[in-house]
Every structure is written in C-alpha cells, then in structure tokens.
Chemist: 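Have a look at the structure that comes next, please.
Proteins come first, then strands; the chains are lettered A, B, ... in the order of their sequence lines, and each starts at number 1. Please read these numbers as outputs of a predicted model, since none were measured by experiment.
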There are 2 protein chains.
Amino acid sequence: MKKIDILKKLRSSRLRPTKQRVEIAKFLFEREKTFHFTVESLNKLLIKKSNSKIALATIYNTVHAFKASGHLSEVEVRGNKTYFDTNVSNHHHFYDSETSELIDIDANDIVIQKIPKAPNGKKIKNVEVFINLKK
Amino acid sequence: MKKIDILKKLRSSRLRPTKQRVEIAKFLFEREKTFHFTVESLNKLLIKKSNSKIALATIYNTVHAFKASGHLSEVEVRGNKTYFDTNVSNHHHFYDSETSELIDIDANDIVIQKIPKAPNGKKIKNVEVFINLKK
DNA sequence: TTTTCACTTTAGAATAATTATAAACTAACT
DNA sequence: AGTTAGTTTATAATTATTCTAAAGTGAAAA
C-alpha cells in the first residue's frame, strides 16, 4: 500500500492526515500480512522504528478512529489488554493464551452447520469463533 | 443446591468454608439458571441482598478460587471487565454489546462442520463461538 | 476444650490500562 | 495570510484489578 493510498484512506474516513496519523497508518497498513497488536505494543514498535515518540493518547485516539472508520477491527481476547487487527474482513482466530499470540483464520476455513436463532427481537450481527490452543 | 452441598463444594476445592465464601457461594450457586456476572456486579448484588459488605479483594479472591477449582468459568467479552459464568460445561454465548448482556448457548445448538487444524505443534484446547447481536 | 498456626479477610495502597482535560498546535477553507 | 475547527500533547483522572500487611478465624493437635 502506497503513501497516496494512506492519504486517501484517511481522507475517506474524514480523518485529517496529520503527521502522526500518517506515520501510524503507514506502519499499520504498509505491510503484506495482517497485523495484530495492542496499543502498548504498537507504541513500542513505533518508537523503535522511527525514534520519534507519539503521545500514547494520540495512539489511542488514532487507533480508535481507524476502528470507527472500519480500517481496524477489535479482537476480544481473554485478559486485560485490547487487541486490534488490521484484517477487517470477517474472519476467526486461533488464540494461544500462554504466549498471548493471535493467529487469523480465514472465514472459509470454518463452516458452521447449525446455529441457534437470535433471541427476542434481536438479530445476529456476526459470528466469531475462537480456537484456544495449548501445547 | 442446599447449604450442605455448598460446604462440600468448598471442601472439595480445598477452600475453607469461611462466612464470606459460604455467602458468595450460596449467592452464586443456589439458583436454577446459570448466572453471568462481573466482580463489580456481584459486589453490588451481594450488598443489596444481604446488606453486609464483603471486601472487594475477598470477592476477587473467592471468584478466582472458584474459577481455579472449576466451579466458575471466565468468559471473554469485548470490553474491559471480566465476566464469569456459573455454567462450567462446554458451551457458547450470545453477546449483546449494546446492553452488555451475555446469554448461554448449549453446546449442542451449534455444530461446526469444518475446522482448521492447529498450527505447528500446538493442540486445540477448546472452541468458543460468540454470536454478536444487534437490534 | 484450649492452643496454635496456616489460611483468610480487610482497608487501603499500588499498579496498569484507558480516558478526560485543557492548552498549544496545525490542516484546510476562505 | 487569517481564521477556525480539528488535533496533539503532557498530565491528571478514572477504572479494574492486584498487592500488602495487620487483624481475624477455621481446624488440627495437644
């Protein structure tokens, strides 16, 4: 993904392409494979990569803005930290609680045959499958 | 579930049946339906029910002890609080993020037809399905 | 029983993740 | 260039949870 696309992605989300947002967006989206992270890990990686430090609050703001505009998804994981995922398509996860490692599973690799209907007047938004791992 | 069973449940878990543990255990396990809660909600309910207040740290300790001995399960839910469930059998959940409501789904009500194999030397511990709800 | 002692409870301090605040800054429209 | 609304920042505040150390209490032994 090129820089020009980053700018388009930001503008299309009504996010002003500030220096910080561009730096974070380039770091997150200019890569081949999907990327899982927490705000804390992202902060450390950004410091290591560019030597400049962006305020933690800005990272929180930016990550949440990307989530709100659909460029990141939030992954629920047992524990206290919040994980994000650059893969925003419908998919599932392996989770290894020993290493806190999260691995994507393509939506096509899990087929659900039987599913209950939603309770009283509610609808199903989506279905997430977690395959918890052990050694 | 009778009081005597509560005592057995505590003793079988190598937990001394102190006044506080018995009170918490009775509140959690002397009911027909499964019960979902956070430490905070449990604390409020205990205060409302018995007018006595048990130290928060004790509630954390006790709930974690019940989890360690298999009388409670922990449910991962998007968000910052940790949910617990008195249903410790293998099962799944509906989750309504608008109301933070968690509803059990019997393991038999979801059938998975196709599942990927675990990565490199790891094994599958269990599979959890979340059906996220909307209006 | 009483004594003893390891296990518990408790209030409050400490920690960790996240959010709020308010002042300084900046993109972008005019 | 000037204005303004949106943004970043350091710091404070908040929230959930864990730690600590002193006081309390089951239950095994005397």
Side-chain angles (χ1 to χ4, degrees), chain A residues 3-4 6-27 36-47 50-69 71-72 74-84 100, chain B residues 3-4 6-27 36-47 50-69 72 74-84 97 100:
Chain A
K3 187 177 185 180
I4 188 70
I6 295 286
L7 294 181
K8 277 183 187 166
K9 178 173 276 198
L10 286 167
R11 283 188 206 283
S12 72
S13 319
R14 288 185 241 91
L15 295 173
R16 283 189 186 169
T18 63
K19 191 161 45 116
Q20 293 84 349
R21 282 181 181 155
V22 171
E23 183 179 334
I24 294 173
K26 286 176 70 176
F27 186 78
H36 296 105
F37 63 95
T38 64
V39 169
E40 191 199 14
S41 70
L42 176 58
N43 185 39
K44 283 183 184 162
L45 290 168
L46 284 171
I47 289 172
S50 58
N51 245 7
S52 66
K53 67 173 183 305
I54 299 177
L56 249 193
T58 298
I59 299 181
Y60 274 99
N61 286 344
T62 303
V63 165
H64 284 134
F66 284 148
K67 186 200 163 192
S69 59
H71 297 310
L72 289 174
E74 193 176 343
V75 186
E76 57 186 286
V77 166
R78 198 185 300 282
N80 40 358
K81 284 184 197 168
T82 302
Y83 281 73
F84 293 89
S100 296
Chain B
K3 188 176 184 179
I4 189 70
I6 295 287
L7 294 180
K8 276 184 189 167
K9 180 172 274 196
L10 286 167
R11 283 187 206 284
S12 73
S13 318
R14 288 184 243 90
L15 295 174
R16 282 189 189 169
T18 62
K19 189 159 49 110
Q20 293 83 349
R21 283 182 180 155
V22 171
E23 184 178 335
I24 294 173
K26 286 176 70 177
F27 186 78
H36 297 105
F37 62 94
T38 64
V39 168
E40 191 200 13
S41 70
L42 176 58
N43 186 39
K44 282 183 184 161
L45 290 168
L46 284 170
I47 289 172
S50 57
N51 246 7
S52 66
K53 68 170 183 305
I54 298 177
L56 251 193
T58 299
I59 298 180
Y60 274 99
N61 286 343
T62 303
V63 165
H64 285 135
F66 284 147
K67 185 199 162 191
S69 59
L72 288 175
E74 195 176 341
V75 186
E76 59 185 284
V77 166
R78 196 185 301 282
N80 41 357
K81 284 183 195 170
T82 302
Y83 281 72
F84 292 90
S97 61
S100 296

Chemist: Between His64(A) and dT19(C), is there a contact of a side-chain N or O with OP1 or OP2 at under 4.0 Å?
Modeler: yes

Chemist: Does Leu46(B) form a side-chain contact (heavy atoms from CB on, under 4.5 Å) with Phe27(B)? I'd like the steps, not just the answer.
Modeler: CA-CA 8 Å; Leu46(B) 284 170; Phe27(B) 186 78; 3.8 Å; yes

Chemist: Using a strict heavy-atom distance below 4.0 Å, which residues from residues 10-20 of chain B are in contact with DNA chain D?
Modeler: Arg11(B), Arg16(B), Pro17(B)

Chemist: I need the Ile6(B) CD1 to Ile24(B) CD1 distance, nearest 0.5 Å.
Modeler: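 One gets 11.5 Å once the value is rounded to the nearest 0.5 Å.
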
Chemist: Roughly, in whole Å, what's the span from CG in Leu46(B) to C1' in dT10(C)?
Modeler: 16 Å

Chemist: Closest-nucleotide mapping onto DNA chain D: is Glu40(B) or Ile54(A) further toward the 5' terminus? I mean the 5' end.
Modeler: Ile54(A)

Chemist: To the nearest angstrom, how far is Asn43(A) atom CG from dA17(C) atom P?
Modeler: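 So the CG-P distance, Asn43(A) to dA17(C), works out to 12 Å.
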
Chemist: From dT17(D), dT18(C), dT9(C), pick the nucleotide closest to the side chain of Asn61(B)?
Modeler: dT9(C)

Chemist: Closest approach to the side chain of Thr62(A), judged atom by atom: which nucleotide of dT9(D), dT18(D), dT8(D) is it?
Modeler: dT8(D)

Chemist: Mind checking the CG-OG1 spacing from Leu10(A) to Thr18(A)? Nearest 0.5 Å is all I need.
Modeler: 7.5 Å

Chemist: Looking only at the aromatic ring of each residue, does the gap between the centers of His71(A) and Phe84(A) stay below 6.0 angstrom?
Modeler: no

Chemist: May I have the distance from Arg21(A) (atom CZ) to dA27(C) (atom C1'), rounded to whole angstrom?
Modeler: 11 Å

Chemist: Does Thr82(A) have a side-chain nitrogen or oxygen under 4.0 Å from the phosphate oxygens OP1 or OP2 of dT18(C)?
Modeler: yes

Chemist: Within this structure, what is the CD-to-C1' distance between Glu74(A) and dT18(C), rounded to whole angstrom?
Modeler: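 From Glu74(A) CD to dT18(C) C1': 12 Å.
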
Chemist: I'd like to check the ring-ring contact (aromatic ring centres under 6.0 Å, His included) partners of Tyr60(B); sequence neighbours left out, ordered by chain and number.
Modeler: none

Chemist: Can you find a side-chain donor-acceptor pair between Thr62(A) and Gln20(A) that sits under 3.5 Å?
Modeler: no

Chemist: Tell me the interatomic distance from Lys81(B), atom NZ, to dT18(C), atom P, rounded to whole angstroms.
Modeler: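 Distance, rounded to whole Å: 15 Å.
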
Chemist: According to a strict under-4.0 Å criterion, is Tyr60(B) in side-chain N/O contact with OP1 or OP2 of dT18(D)?
Modeler: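 False: Tyr60(B) side-chain N/O out of range (4.0 Å or more) of dT18(D) OP1/OP2.
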
Chemist: In this structure, how many angstroms lie between the P atom of dA17(C) and the CZ atom of Phe84(A), rounded?
Modeler: 14 Å

Chemist: Tell me which nucleotide among dT9(C), dT8(D), dA16(D) gets nearest to the side chain of Thr58(B).
Modeler: dT9(C)

Chemist: Whether the side chain of Ser12(A) engages the backbone of Lys9(A) through a donor-acceptor N/O pair (distance < 3.5 Å, no angle test) should be reported.
Modeler: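 Indeed, once roles are kept as given, a pair shorter than 3.5 Å links the two residues.
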
Chemist: Glu23(A) CD to dT8(D) P: how many Å, rounded?
Modeler: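 Checked: the CD to P distance equals 12 Å.
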
Chemist: Please state how far atom CG in Leu56(A) lies from atom P in dA20(C), giving the value in whole angstrom units.
Modeler: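 So the two atoms are 15 Å apart, to the nearest Å.
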
